[in-house]
Amino acid sequence: FDTEVVNFGSILLGQCRVYEVQVYNPKEIPCEWFLSRPMANDGAKDLQYFECIPNAGTLAPKQRVNVQLRFTPKEARKHSVKIPFKVSNNDKTHHLLCKGCASQYDLSFDPPFVKVPPVQPHQSGNVVTVEMKNGSNFDIEVIALDFDGNYYADENKLEQCEGIPWDANDVLLLPPRAPGAPLDSS
């Protein structure tokens, strides 16, 4: 590999981050390479959150191949795995350390429960004030589905679109949209 450590940084649950590393065969003979399962003390439980595409192959002499590393966390915590990289007919094992931190939104309401008093006919409505707090380091966009026509228009665009980059696990691979920004039309 052209690096031994890939730090995915901090990302939100529900998103993924992708990096590419390069595998190179400096020798004069072809070699078969593959990624194997890490030992328990090397973070084997976190392997499920990291994907390598491709995870095996054959390299001709002096050939290079790009390997895509994908971090898709499902738990809000730090993740780390040391993935063994092996070459057939070679006793030496190289390791690729992949690490990242998953965060989630921290949204709270004050008061946490609201009781709206009844409204009598022909009277003005009642007002109840609720404070919403964002305790996370990420911007949050709040949408009232009953009143936001853009949300449904965006959903229809996605359903109508062909050639959307879905992966083998039916995950949509698009860059995250910044809160308040429109859906990219391309």
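The figures here come from the full heavy-atom set of this structure, side chains too, leaving out hydrogens, waters and symmetry mates.
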- Item | Candidate pair Lys62 and Lys27, rule side chain to side chain contact (heavy atoms under 4.5 Å, CB included), full reasoning | CA-CA 6 Å; Lys62 309 292 184 198; Lys27 303 295 183 185; over 6 Å; no
- Evaluate side chain to side chain contact (heavy atoms under 4.5 Å, CB included) for Val130 paired with Met132, printing each intermediate quantity in order. CA-CA 6 Å; Val130 177; Met132 181 172 44; 5.8 Å; no
- Mind running side chain to side chain contact (heavy atoms under 4.5 Å, CB included) on Asn41 and Lys82 for me, showing each step along the way? CA-CA 9 Å; Asn41 60 345; Lys82 194 186 253 187; over 6 Å; no
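Taking all atoms of both residues into account, the shortest heavy-atom contact from Gln22 to Asn66 is NE2-OD1, 3.0 Å. Contact detail for Cys52 and Val67: the closest heavy-atom pair is CB-CG1, 4.2 Å. Considering every non-hydrogen atom in both Tyr49 and Pro73, the closest pair reads CD2-CA, 4.0 Å. The two residues Phe85 and Val23 come nearest to each other via the heavy atoms CZ-CG1, 3.6 Å. Listed here is the closest heavy atom pair of Lys86 and Thr93: CE-OG1, 3.5 Å. When every heavy atom of Cys101 is checked against every heavy atom of Phe71, the shortest pair comes out as N-CE2, 4.0 Å.
For the pair Lys99/Val5, a side-chain contact is recorded, criterion being any heavy-atom separation below 4.5 Å from C-beta on. Put simply, the side chain of Val128 reaches to within 4.5 Å of the side chain of Pro117, judged on heavy atoms. Looking at Cys98 and Ser80, their side chains never come closer than 4.5 Å, going by heavy atoms from C-beta outward. Between Pro54 and Trp33 the shortest side-chain heavy-atom distance falls below 4.5 Å.
In the displayed structure, Lys92 atom NZ is contacted under 6.0 Å by at most 12 heavy atoms of other residues, nucleotides or ligands. Other residues, nucleotides and ligands contribute at most 12 non-hydrogen atoms within 6.0 Å of the CD1 atom of Ile29. The neighbour count for Asn89 CG, taken as heavy atoms of other residues, nucleotides or ligands under 6.0 Å away, does not exceed 12. Summarising the local packing, OH of Tyr151 is surrounded by 12 or fewer heavy atoms from other residues, nucleotides or ligands at distances under 6.0 Å. At most 12 heavy atoms of other shown residues, nucleotides or ligands fall within 6.0 angstrom of atom CG in Asn137.
Note on Val65 and Val87: same hydrophobic cluster, where clusters join Ile, Leu, Val, Met, Phe, Trp and Tyr whose side-chain heavy atoms are under 4.5 Å apart, directly or indirectly. In the hydrophobic clustering of ILVMFWY residues, with side-chain heavy atoms under 4.5 Å counting as a link, Val6 and Leu47 come out together. Hydrophobic clustering, with ILVMFWY side chains joined whenever heavy atoms are under 4.5 angstrom apart, keeps Ile143 apart from Phe147. Residue Ile53 is not grouped with residue Val21 when hydrophobic side chains (ILVMFWY) are merged at heavy-atom distances under 4.5 angstrom, including chains of intermediate members. Clustering ILVMFWY residues whenever any of their side-chain heavy atoms sit less than 4.5 angstrom apart, transitively, puts Ile11 in the very cluster that holds Val81.
To the nearest 0.5 Å, atom NE2 of residue His95 and atom CE of residue Met39 are 9.0 Å apart. To the nearest 0.5 Å, the span separating CG on Leu13 from OG on Ser103 amounts to 7.5 Å. Here the straight-line distance linking atom CG of Leu69 with atom SG of Cys16 works out to 11.5 Å at 0.5 Å rounding. Summarising the geometry, atom CZ belonging to Arg17 is positioned 8.0 Å from atom CD belonging to Gln15; distances are rounded to the nearest 0.5 Å. Here CZ of Arg77 is found 12.5 Å from CD of Gln104. Values are rounded to the nearest 0.5 Å. Within the model, atoms OG1 of Thr72 and CD of Gln48 stand 11.0 Å from one another, a figure rounded to the nearest 0.5 Å.
Of the possible donor and acceptor atoms, one in the side chain of Asn25 sits under 3.5 Å from a partner among the backbone N and O of Leu59. Remark: the backbone N or O of Gly180 is paired with a side-chain donor or acceptor of Glu141 at under 3.5 angstrom.
Ring planes of Phe8 and Phe50: tilted class, angle from 30 to 60°.
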